[in-house]
Protein chains: 4
Amino acid sequence: MPAKTTARKTKDRKERKDRNKDEGRSARILEAADALFCERGFAGTSLRDVAKDAEVNKGLIVYYYQNKAGLFSAVLERYYEAHGAALAGLSQEGPLRERIHAMLDGYFSFIGDNRRYARLIQQEVARSGEHLPLIRKNLRGLFEVVAGELGEALPAEGPLSPKHFFLTLSGMTISYFTYAPALKALWGSSPVGELALAERREHIHWVVDALLDRLERDAA
Amino acid sequence: MPAKTTARKTKDRKERKDRNKDEGRSARILEAADALFCERGFAGTSLRDVAKDAEVNKGLIVYYYQNKAGLFSAVLERYYEAHGAALAGLSQEGPLRERIHAMLDGYFSFIGDNRRYARLIQQEVARSGEHLPLIRKNLRGLFEVVAGELGEALPAEGPLSPKHFFLTLSGMTISYFTYAPALKALWGSSPVGELALAERREHIHWVVDALLDRLERDAA
Amino acid sequence: MPAKTTARKTKDRKERKDRNKDEGRSARILEAADALFCERGFAGTSLRDVAKDAEVNKGLIVYYYQNKAGLFSAVLERYYEAHGAALAGLSQEGPLRERIHAMLDGYFSFIGDNRRYARLIQQEVARSGEHLPLIRKNLRGLFEVVAGELGEALPAEGPLSPKHFFLTLSGMTISYFTYAPALKALWGSSPVGELALAERREHIHWVVDALLDRLERDAA
Amino acid sequence: MPAKTTARKTKDRKERKDRNKDEGRSARILEAADALFCERGFAGTSLRDVAKDAEVNKGLIVYYYQNKAGLFSAVLERYYEAHGAALAGLSQEGPLRERIHAMLDGYFSFIGDNRRYARLIQQEVARSGEHLPLIRKNLRGLFEVVAGELGEALPAEGPLSPKHFFLTLSGMTISYFTYAPALKALWGSSPVGELALAERREHIHWVVDALLDRLERDAA
DNA sequence: GATGAATGAGCGTTCATTCAT
DNA sequence: AATGAATGAACGCTCATTCAT
C-alpha cells in the first residue's frame with residue numbers, strides 16, 4: 001500500500017516538473033503574487049492563494065521570498081526595473097514639443113503594458129502604508145525625468161512649476177487606466193480596447209498641445 | 001478580555017457615557033471605520049481596531065452595521081450623500097467658462113474637505129473588487145454633472161468627448177491629493193498646506209483656461 | 001439538514017456547560033496548561049494541546065491569556081501566590097533547631113504538594129531563558145526566608161554563609177522530587193508513595209541535625 | 001534561500017572549508033547542538049538554528065544524525081562517555097573519609113567542566129519525557145559508583161540508605177550549577193568564578209565531614 | 001442597547017524531513 | 001559528503017462573527 005502512494009507521488013512530481021520546466025517555481029510565484037496583489041491589495045491577498053495560483057507549495061514562497069512583505073517587495077522591485085528601462089527610453093532628442101509628445105506616448109505605452117503596476121501603486125499610494133518608501137523610490141525616478149524634460153519651459157516655482165504639470169500629466173495618464181474600468185459599464189464600450197486606447201492617446205496629445213500653446217502665448 | 005477591576009471599569013463607562021452623549025456610538029463607529037478603511041483599506045482594517053478606536057464593544061459594530069461589509073458600505077454611503085450635496089452646488093448659472101471654473105473649484109473644495117473619500121475610492125477602484133458597484137454609483141453622479149456641464153461645448157464621441165475631459169479633470173484634481181503626499185519628501189513642503197492648495201487651484205484654473213482656449217480656437 | 005446541525009450544536013454546548021459549571025473555562029485552561037508545561041516544557045507545549053486537554057476552543061486561550069507567554073506567566077503567577085502563602089507559614093517561633101526543622105518540613109510539604117511547580121522551575125532555571133525574571137522573583141522570596149532563619153547561626157560570607165546552606169537544603173528537597181522518579185526503576189519502589197516520602201523527610205531531618213551539630217561544635 | 005551572488009558564495013565556501021578542516025562538520029554540528037539543546041531545551045531548539053550555528057547545511061544534520069532525536073541522543077551519548085571516564089576516576093584507594101571527599105571533588109570537577117550536561121539532564125529529568133531512558137542510563141552509572149563507595153558505611157534501607165545520600169550529595173553539587181546563575185543577581189557576584197567555585201567546594205567538604213561525623217557517632 | 005464569552009476558519013510562519021543531484 | 005529545492009503538518013495568533021445575557 002505505501003508503495004502505491006510513493007508511486008503516485010513520484011508521478012505527480014514528474015508531471016509537474018514537465019509542465020514547469022519553462023518557467024521555474026519562483027518566477028511562477030512572482031507572477032501569481034503580482035496578479036493577486038494587484039487585484040486584492042496587500043492585506044487582501046493570502047499566501048495560500050498565491051501558492052494555489054502558482055501551483056506551488058505554501059512553504060516555498062517563504063523559502064524564496066522570506067515572508068509576505070518580501071514577496072510584495074519583489075513584485076514592486078520587478079516593476080521598478082521595468083520602469084527604469086522605460087524611463088531610459090522616454091527622453092528623446094528634438095524640439096520641446098516633440099519631446100514631450102514622445103515622452104507621454106512612451107509613458108502611456110508603459111502604463112498600458114503594465115496596468116497592474118499602475119493599480120498596485122494607486123492602491124498603496126492611497127493608503128499611505130508601510131510600502132510607501134518603495135513606491136516613492138519608483139515615483140521619484142519618473143518625476144525626475146518628467147521634470148527634467150519640462151524644466152526648460154517652466155518656472156521652478158508656482159502654479160506652473162514642473163511638479164504641477166507632472167501630477168497633471170501623469171494623473172491624466174494613470175487615472176485613465178485605473179478609473180476607466182469602473183466606468184466601463186457607464187460608457188458601454190471597453191476602455192482598454194485598441195481603439196479606445198488610441199482615442200485616449202489622441203486626447204492626451206490634444207491636451208498637451210493646448211497646454212504648450214498656452215505656455216508659448218504666455219511667454220510671448 | 002476579562003475584567004481586571006470592576007470598579008475601574010464602571011468608572012470608565014460613566015466617563016465615556018458623558019463624553020459620548022452628544023455623538024452616539026454608531027456615529028463614532030462610523031467615524032473610526034472611515035479613518036481606518038481609508039488608511040489601511042478594507043482588508044487591512046479589522047473590526048477589533050475599529051472598536052478600539054471608537055471605544056466601543058466589538059459586538060456593537062455588528063449590532064449596528066451587521067458585518068464588516070455593511071460597515072464599509074455605510075462609510076461609502078455617507079460620502080455618497082455628501083457627494084450628492086456637493087454636486088448639487090456644482091452646477092452654476094452664467095457663461096460656460098465661468099461655470100466650468102466654478103465647477104472645478106467646487107469639486108476641488110469637496111475633495112479637499114473629504115480627502116479620505118478620495119483615497120478610499122482610489123484604493124477600491126484600483127482593485128476591481130467586491131465594492132465596485134457602490135463605487136460606481138458614486139462616480140456616476142459626478143460623471144453626469146461634469147458631462148452635462150461640458151456637453152454643450154464638446155462632441156459626443158471621440159478624443160474630445162466629455163468622458164475624456166471628465167477623467168482628465170477629475171484625475172488632475174484627485175491625483176493631487178493622493179499622489180502629492182507620497183512626493184512630499186521630494187518637494188520639501190507640505191502639499192496640503194493652505195498655500196500649496198491655493199497654488200494647485202491656480203494650476204487647475206490655468207489648465208482649464210488653456211483647454212477652453214484651444215477648444216474655442218478649434219471651433220473657430 | 002442544517003436544522004440537524006444546529007440542534008446538535010446547541011445540545012453540545014448545553015452538555016458542556018453542565019459539566020463545566022463548577023470550574024469555569026479560564027480555570028480549566030490554567031489547569032491544563034499547568035500540567036502540560038510541567039510535562040513538556042514551554043516550547044514543547046502547544047496551545048492546541050492545552051485547548052484539547054481543557055476541552056476549550058483554541059481562541060479562548062488567547063482571549064483569556066493574550067498569548068502563550070501570558071499563559072505561562074499565569075501558571076507561574078499562580079504558584080507564586082501559593083508559594084508566598086507557604087513561605088508565610090515557614091517562619092516559626094522557638095529555638096533555632098526546632099525552627100529549622102519546622103521550616104524544612106514546611107518546605108518539603110509545599111514542594112510535595114506542588115510537584116509540578118518544582119519540575120517547572122527546574123526546567124526553566126536550567127535553560128536560562130526568557131522566563132528567568134519570573135522564576136527569579138519566585139526564588140528570591142524563598143531565599144530571603146531561609147537566609148533570614150539561618151542568618152543568626154551563620155557567618156555572612158564564606159563557605160558557611162546562608163546562601164550555600166540555602167542551595168544545599170533546597171537542593172536536597174527539590175532534587176528528591178525531580179530526580180527520584182527517574183531512578184524509580186532502579187530502586188523498585190515508588191519514590192512518591194507515602195512511606196517513601198516519610199523516609200525522605202527523616203533523611204532530611206537527620207542531615208539537618210548533623211549540620212547543626214557540627215555548627216555547634218565549631219562554634220564551641 | 002536562493003543564491004544571490006554565485007561568486008560570493010563560492011568564496012564563502014572555500015573560506016569555510018579551510019577553517020573547518022581541523023574539526024569536521026559532524027563534530028561542529030554536535031557542538032552547536034549541545035550548546036543549543038542546553039540553552040533552549042529539546043523542543044525549543046530548531047535544526048535550522050543548529051545548522052546556522054554550525055555553519056552547515058540543514059540537510060547535513062539529517063545525513064549524519066538521521067533526525068532531531070538522533071542528534072539529541074548523540075549529544076547525550078557524548079556526555080555518557082565523558083561521564084563514564086570521569087566515574088572511573090572517582091573511586092579511589094584509602095580510608096573511607098578520604099575516598100568520599102575525593103569522589104565528591106571529582107564529581108564537582110566533572111560537573112563544573114560539563115555544566116551544559118548538568119543543565120541538560122536537569123531539564124529532561126524534570127520533564128519526564130521521551131528521552132528519560134537515555135538519561136537514566138547516564139544516571140545509573142553514577143548511582144552505582146556513589147552507592148558502592150558509601151555502601152560499606154550505610155544501611156541498605158531506610159532514611160540513611162545510599163540512595164538518599166546519593167540524591168543529597170549529587171543534588172548539593174548539581175543544584176549549585178543550575179540554580180546559582182538564577183540567583184546571581186541576588187548575590188551580586190558571579191557564582192561560577194574561580195573563587196566562588198572554590199568556596200562551594202569547601203562548603204561541600206564541610207557538609208560531608210558533618211555527615212560522616214554524625215554517622216560515626218551514630219555507629220558508636 | 002450593549003457586553004463579553006465563545007467559536008472556527010484562516011492567517012503568516014516555522015518546522016522536521018525528504019529527495020534529487 | 002554535501003546541497004538546496006520542496007513538502008506538509010503544525011505552530012501561535014487574528015479574524016469576523018454568533019450568541020446568551
Side-chain angles (χ1 to χ4, degrees), chain A residues 6 9-10 12-14 16-17 24-26 43-51 56-71, chain B residues 1-3 9 13 16-17 24-26 43 45-51 56-64 66-71, chain C residues 6 9-10 12-14 16-17 20 24-26 43-51 56-71, chain D residues 1-3 9 13 16-17 24-26 43 45-51 56-71:
Chain A
T6 316
K9 251 195 158 171
T10 314
D12 273 7
R13 196 173 302 188
K14 257 218 190 104
R16 220 180 297 155
K17 211 164 209 168
R25 318 268 247 243
S26 75
T45 299
S46 85
L47 292 189
R48 271 163 182 81
D49 291 343
V50 174
V56 147
N57 183 281
K58 217 181 352 146
L60 205 58
I61 301 177
V62 177
Y63 177 70
Y64 279 118
Y65 300 100
Q66 203 118 274
N67 51 36
K68 195 182 175 182
L71 178 58
Chain B
M1 239 169 297
K9 261 212 151 165
R13 193 178 308 184
R16 219 183 298 155
K17 215 164 207 167
R25 316 270 246 240
S26 75
T45 299
S46 81
L47 291 189
R48 192 189 257 74
D49 291 343
V50 174
V56 149
N57 183 280
K58 225 182 350 157
L60 204 57
I61 300 177
V62 176
Y63 177 75
Y64 279 120
Q66 200 125 269
N67 53 32
K68 195 180 172 181
L71 178 58
Chain C
T6 316
K9 250 196 158 171
T10 315
D12 273 5
R13 194 173 303 189
K14 253 215 189 110
R16 219 180 300 154
K17 210 166 210 169
N20 299 340
R25 316 268 247 245
S26 75
T45 299
S46 85
L47 292 188
R48 271 164 182 81
D49 291 343
V50 174
V56 146
N57 183 281
K58 217 181 355 146
L60 205 57
I61 301 177
V62 176
Y63 178 70
Y64 279 118
Y65 300 100
Q66 204 116 275
N67 53 34
K68 196 181 173 182
L71 179 58
Chain D
M1 242 167 296
K9 261 213 151 162
R13 192 178 306 182
R16 221 184 294 155
K17 215 164 206 167
R25 319 269 247 239
S26 74
T45 299
S46 82
L47 292 189
R48 192 188 258 74
D49 292 342
V50 173
V56 150
N57 183 280
K58 227 183 346 159
L60 204 57
I61 300 177
V62 177
Y63 177 74
Y64 279 121
Y65 301 100
Q66 199 126 270
N67 53 33
K68 194 180 175 183
L71 179 58

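To find a chain, count down the sequence lines: A is the first, B the second, and so on, and within it residues start at 1.
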- line: Here the distance between atom C1' of F/dT18 and atom CG of B/Asn57, to the nearest Å, is 13 Å
task: Let me know the distance between CG of A/Asp49 and C1' of E/dA9, rounded to the nearest Å.
output: 13 Å
query: Rounded to whole angstroms, how far apart are CG on A/Leu71 and P on E/dG12?
result: 10 Å
Phosphate-side-chain proximity, D/Arg48 and E/dA16, N/O vs OP1/OP2 below 4.0 Å: no
message: How close do B/Lys68 and B/Leu47 get, counting heavy atoms only, and between which atoms?
response: CG-CD2, 3.9 Å
Contact under 4.0 Å: B/Tyr63 side-chain N or O vs E/dG1 OP1/OP2: yes
query: Reckon A/Tyr64 has a side-chain N or O less than 4.0 Å from the OP1 or OP2 of F/dA6?
result: yes
statement: Residues passing the side chain to side chain contact (heavy atoms under 4.5 Å, CB included) test with D/Asn67, sequence neighbours excluded, are D/Ala69
- request: Measure the distance from OH on C/Tyr65 to P on E/dA6 and round it to the nearest whole Å.
  value: 11 Å
statement: Sorted by chain and number, sequence neighbours left out, side chain to side chain donor-acceptor pair (under 3.5 Å) with C/Ser26 holds for none
field: Euclidean distance, atom CD1 of residue A/Ile61 to atom P of E/dG12 [Å, nearest integer]
entry: 9 Å
query: Could you give the CG-to-P distance, from C/Leu47 to F/dA9, as a whole number of Å?
result: 21 Å
task: Would you kindly give the NZ-to-P distance between B/Lys58 and F/dT14, to the nearest whole Å?
output: 12 Å
- prompt: Expressed in angstrom and rounded to an integer, what is the separation of A/Leu60 atom CG from E/dT14 atom C1'?
  reply: 15 Å
- request: Report which part of the nucleic acid B/Ser26 touches: base, sugar-phosphate, or nothing (heavy-atom distance under 4.0 Å, all strands).
  value: nothing
message: Both C/Thr45 and B/Ala43 contact DNA chain F. Which one's nearest nucleotide lies toward the 5' end?
response: C/Thr45
message: Is the phosphate of E/dC11 approached by A/Ser46 (side-chain N or O, under 4.0 Å from OP1 or OP2)?
response: yes
query: For D/Ala51, which residues count as a side chain to side chain contact (heavy atoms under 4.5 Å, CB included) partner, sequence neighbours excluded?
result: D/Lys58, D/Ile61
statement: Given Watson-Crick and G-U pairs under 3.5 Å, DNA chain F in dot-bracket ([ ] crossing, | other strand) is .||||||||||||||||||||
query: When you check the phosphate oxygens OP1 and OP2 of E/dG4, does a side-chain N or O of C/Arg25 lie under 4.0 Å from one of them?
result: no
First encountered from the 5' end of DNA chain F, between D/Gly59 and C/Ala69: D/Gly59
- request: Let me know, please, whether D/Val62 or A/Asn67 comes out on the 5' side of the other along DNA chain E by nearest nucleotide.
  value: A/Asn67
